Amino acid sequence: MEEYHRHCEEVGFNAEEAHNIVKDCVDGVLGGEDYNHNNINQWTASIVEQSLTHLVKLGKAYKYIVTCAVVQKSAYGFHTASSCFWDTTADGTCTVRWENRTMNCVVNVFAIAIVL
Amino acid sequence: LDGRNEVGFNAEEAHNIVKDCVDGVLGGEDYNHNNINQWTASIVEQSLTHLVKLGKAYKYIVTCAVVQKSAYGFHTASSCFWDTTADGTCTVRWENRTMNCAVNVFAIAIVL
């Protein structure tokens, strides 16, 4: 039976907790795999959906946005950036960078506090 | 604040704002490893500034990915848990001869 934990004393977004959740999801989906054009659609979708599901299950008052980019390893350049206009005391973000022999993966989590 | 009675996020308006920013930063340029940092930062910052200037009650997140054109694969995905009636997103895809650029805007309604 699952328990919903209410972290009432926590102030702000727990980036470390989110980082661990997302890293486990990426390990589970991409671990042991080589870049494969036929599967990449399914993999990126699984990563964002599973990460989102686990974050929501924490039962905290947040809206979440999860983005994932997977790039085949090559000599070619790849760069990402993000900028946010929000409540810096309550909202937060974390980035998980993952790689293996054939691909790089970058997952961003953006958490917006729900004001009740 | 203008008096428009708009419900929900205006994706078309955001799309035009972002496209103009990307055109302004990357238009006429070739992929350049020395400039890419500055370009992606400019794209997200200028887009964000223009979106905020609309004066609407939204928080914004803008992400930008730039990839040098090659035969190698590149794929992105996103998923959101939010208020589907008030919050919204738009994606701008841009390319030239040497690079692909994808910019995402996520807008979260501020409930006052």
Side-chain angles (χ1 to χ4, degrees), chain A residues 35-57 60 62-88 90-91 93 95 102-116, chain B residues 31-53 56 58-84 86-87 89 91 98-112:
Chain A
Y35 182 88
N36 185 328
H37 177 70
N38 295 321
N39 295 340
I40 197 65
N41 238 345
Q42 182 188 323
W43 288 340
T44 49
S46 294
I47 289 167
V48 294
E49 285 162 20
Q50 287 177 27
S51 298
L52 194 62
T53 300
H54 284 99
L55 288 164
V56 170
K57 271 190 185 168
K60 298 183 183 180
Y62 280 102
K63 295 179 177 180
Y64 296 101
I65 294 155
V66 182
T67 68
C68 172
V70 179
V71 188
Q72 191 176 5
K73 274 193 170 174
S74 69
Y76 292 88
F78 165 61
H79 202 90
T80 65
S82 66
S83 198
C84 309
F85 176 76
W86 59 19
D87 180 348
T88 53
D91 304 329
T93 179
T95 302
T102 59
M103 45 190 172
N104 279 97
C105 175
V106 180
V107 182
N108 282 310
V109 175
F110 302 97
I112 317 287
I114 296 172
V115 181
L116 298 161
Chain B
Y31 183 86
N32 185 328
H33 178 71
N34 295 320
N35 294 340
I36 196 66
N37 237 346
Q38 182 189 319
W39 288 342
T40 48
S42 294
I43 288 168
V44 293
E45 285 163 19
Q46 288 176 29
S47 299
L48 194 62
T49 299
H50 283 99
L51 287 164
V52 171
K53 270 188 184 165
K56 298 183 181 178
Y58 280 102
K59 295 178 176 179
Y60 296 101
I61 294 156
V62 182
T63 67
C64 172
V66 179
V67 188
Q68 190 176 7
K69 273 195 170 172
S70 70
Y72 290 89
F74 165 62
H75 201 92
T76 65
S78 66
S79 197
C80 309
F81 175 76
W82 59 19
D83 179 349
T84 53
D87 304 328
T89 179
T91 302
T98 59
M99 46 191 172
N100 279 95
C101 176
V103 182
N104 282 312
V105 175
F106 301 98
I108 316 286
I110 296 171
V111 181
L112 298 160

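The chains referred to below are lettered A, B, ... by the order of the sequence lines, with proteins before strands, and numbering in each begins at 1. Keep in mind it's a predicted model, so treat the numbers as computed, not measured.
- For chain A, the nearby parts of B:N37 are the backbone and the side chain; heavy atoms of each come within less than 4.5 Å.
- Between chain B and the residues A:L52, A:I47, A:T80, the most heavy-atom pairs under 4.5 angstrom are made by A:L52.
- Heavy-atom minimum distance, A:S82 versus B:T63: CB-CG2, 3.7 Å.
- Chain B forms more heavy-atom pairs under 4.5 Å with one residue of A:A75, A:C105, A:C68 than with any other, namely A:C68.
- Closest heavy-atom contact between A:G77 and B:Y31: CA-OH, 3.1 Å.
- With a 4.5 angstrom heavy-atom cutoff, B:H75 touches chain A via backbone and side-chain atoms both.
- If you take CZ on B:F74 and CZ on A:F78, they are separated by 5.0 Å, rounding to the nearest 0.5 Å.
- Residue contact with chain A, scored on non-hydrogen atoms closer than 4.5 Å, is absent for B:V111.
- Contacts with chain A were tallied for B:V52, B:V67, B:V62; B:V62 has the most, counting heavy-atom pairs under 4.5 Å.
- Counting heavy-atom pairs closer than 4.5 Å to chain A, the top-ranked of the candidates B:N100, B:I61, B:T40 is B:I61.
- Residue with the most contacts toward chain A among B:V66, B:V103, B:D83: B:V66 (heavy-atom pairs, distance under 4.5 Å).
- With a threshold of 4.5 angstrom between heavy atoms, B:I108 approaches chain A through side-chain atoms but not through N, CA, C or O.
- Note that the SG atom of A:C84 and the CZ atom of B:F106 stand 10.0 Å from one another [nearest 0.5 Å].
- Considering every non-hydrogen atom in both B:A77 and A:A45, the closest pair reads CB-N, 4.2 Å.
- The two residues B:A109 and A:K63 have their closest heavy-atom pair at O-NZ, 4.4 Å.
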